[in-house]
Q: 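Before I ask anything, let me first share the structure, which is written out below as structure tokens.
Start at 1 and go down the list; that is how both ligands and their atoms are numbered.
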Amino acid sequence: MRLARRSFALALAGLPLARLHPAGAQAAPPILLDNVRYFDGRAMTAPARLLMIDGTLRILGADAAPNGAQRVDLTGRYVIPALIAAHSHIGHTSGDTSGRQYYTRENVEAQLRRYQAFGIGAAASLGLNAPLFHALRAESRAGRLPGALLLGAGPGLGMPEGAPPAGPMNLSDDQVIRPADPAAMRQGVNDLADKGIDLVKIWIDGLGDTVPQMTPDMARAAVEAAHARGLKVAAHIHDLSQARLAVEADVDVLAHGIRDKEIDDGLLASMRDRGTWYIPTIQIDEAEYIYADNPAIIEDPFLRAALSTGMIARMQDPARRTAQLGRAAPRRSDVRINKLNLKRIHDAGVPVAFGTDSGGTPLRVQGFAEHRELELMVEAGLTAAQTLDIATARSAQLLGLTDRGSVRDGLRADLVVLEADPLANIRNTRRIARVYQAGREVAGPIT
Ligand SMILES: [Zn+2]
């Protein structure tokens, strides 16, 4: 026992304590998670002991007995790192509507808490953010904003009169920058870098030739300016041709799946050679029909916990259901092709990250969409372990979050405790027992 205490004290001595106390955040008391099986990036470990101290993880030997830590017996439970959503939108929807008026501190905080309750420890808001974003992002980084860590692109940049369409999406001028030429594009990127962003978002999509598609010189201008500031560029695309344009412009991240055609070997090789990231967002299209297809799903308590009463009423409205089903055929095709492309892209060794576009519209239900996306990725042919690795460590890597994304000595104690093994059935990610953020219990079961 003396030896165990001594090794525990030595282990603590190695902790860089100063960086663990962000201004305004009080240290959580130490907690020992005992008899816990955790996801190590490939598999569930044998039962182990995890100490959470000063917001950070220590993996202890079986004989270590730290004094003073609150012991929590997790026999029969499973721990995964908190999920990381690399493509979402925060502060753009409220209930069953969306618009600029919802970009408020209160709404952003509420949505960050929602993500956190659903086991998502960090979320990147990829565009449509009003100017308040930059201050909220800084507060979140400093540990002064509740809920999931807020990252994002600020407003993002698109073509004049291009995507995202201002009218249909109820967007105001401060939610998307629309530069007129490459020089203005470079200036726009530089201005955002000065204000504080985590990556640059551009919209390439011409929305089926209904609006101007981003030209290659504009995409290249964004990439050059972003790379000069050490920032990655994520591009909204839908079609294979748009993906090719983005990759040839040296864009770092395709922020949606390729959904009109199966990817060809040339583009596949190009993405692999350049290390282009791929975020499939399969759920974005499924969200347009899944609730109309299967009204009973609305009774699912896990989904219901993520819905306002207004949204439940909208989903149950027979006229809206009929209209949705009438428009569903192309969306079903999108999902089918998206799954095929995800499997091919992942198998080819192209880096894949996790995101759903949740919060972009009210039907893209924050929290629920992420757990459904995990399931869709497994349906596409990835293993549950590959899927969880993408939704944690890989997405942390994409976003430059070196302090989280894995259960590892010295990383942040952002963990989700599950009642059942997610590698046995990916739907078990929904069986949340509790959520820890920086070693502090912040949420319990959803239902
Ligand atoms: Zn989006």
Side-chain angles (χ1 to χ4, degrees), residues 83-94 98-100 102-103 108 111-112 114-115 120 122-130 133 137 148 150-159 162-166 168-172 175-178 192 197-208 211 213-214 219 222 232-239 242-243 246 251-259 277-288 331 334-335 338 342 352-370 372-373 376 391 395 398-399:
L83 304 178
I84 295 175
H87 188 166
S88 55
H89 294 276
I90 298 170
H92 186 59
T93 59
S94 178
S98 59
R100 170 68 177 81
Y102 300 122
Y103 205 94
V108 169
Q111 295 188 357
L112 291 172
R114 161 95 64 79
Y115 281 119
I120 297 148
S125 187
L126 269 196
L128 313 181
N129 300 287
F133 164 80
R137 170 185 177 271
L150 173 65
L151 303 104
L157 305 109
M159 294 292 278
M169 289 190 67
N170 194 16
L171 302 175
S172 74
Q175 286 181 283
V176 184
I177 299 171
R178 301 184 189 275
L192 292 179
I197 54 174
D198 299 285
L199 69 177
V200 170
K201 168 72 177 286
I202 59 172
W203 278 267
I204 289 179
D205 196 354
L207 307 177
V211 300
Q213 183 172 298
M214 185 170 285
K232 290 188 176 82
V233 177
H236 172 113
I237 56 102
H238 180 282
D239 295 349
Q242 297 158 6
V251 157
D252 305 274
V253 187
L254 300 185
H256 291 292
I258 298 166
R259 290 163 278 166
W277 286 86
Y278 188 75
I279 306 177
T281 65
I282 307 170
Q283 220 274 325
I284 186 177
D285 296 295
E286 193 202 53
E288 298 296 322
R331 302 283 81 80
D334 283 351
V335 168
N338 203 344
L342 169 59
V352 177
F354 179 67
T356 65
D357 213 35
S358 63
T361 71
L363 279 172
R364 302 173 197 165
V365 180
Q366 292 167 322
F368 177 81
E370 280 71 18
R372 179 64 188 151
E373 181 81 11
L376 290 166
S395 294
L398 165 64
L399 294 169

Q: Is the side chain of Thr356 donor-acceptor paired with the backbone N or O of Gln283 at a distance under 3.5 Å, no angle test?
A: no
Q: NE2 (His89) to the Zn ion (ligand 1) to NE2 (His87): angle, nearest 10 degrees?
A: 110°
Q: Given 3.5 Å as the limit, does a donor-acceptor pair link the side chain of Glu288 with the main chain of Asp285, or not?
A: no
Q: Does His256 bring an N, O or S atom to within less than 2.8 Å of the Zn ion (ligand 1)?
A: no
Q: In Asp357, the N, O or S atom nearest to the Zn ion (ligand 1) is which?
A: OD1
Q: For a ring pair (Phe, Tyr, Trp, His ring centres under 6.0 Å) check, start with the C-alpha distance between His256 and His236, then their side-chain angles and the critical distance, and finish with the verdict.
A: CA-CA 6 Å; His256 291 292; His236 172 113; 4.4 Å; yes
Q: Can you see whether Glu370 engages Ser358 through a side-chain donor-acceptor pair at a distance of less than 3.5 angstrom?
A: yes
Q: Output yes if His236 passes the N/O/S-under-2.8 Å test against the Zn ion (ligand 1); output no otherwise.
A: no
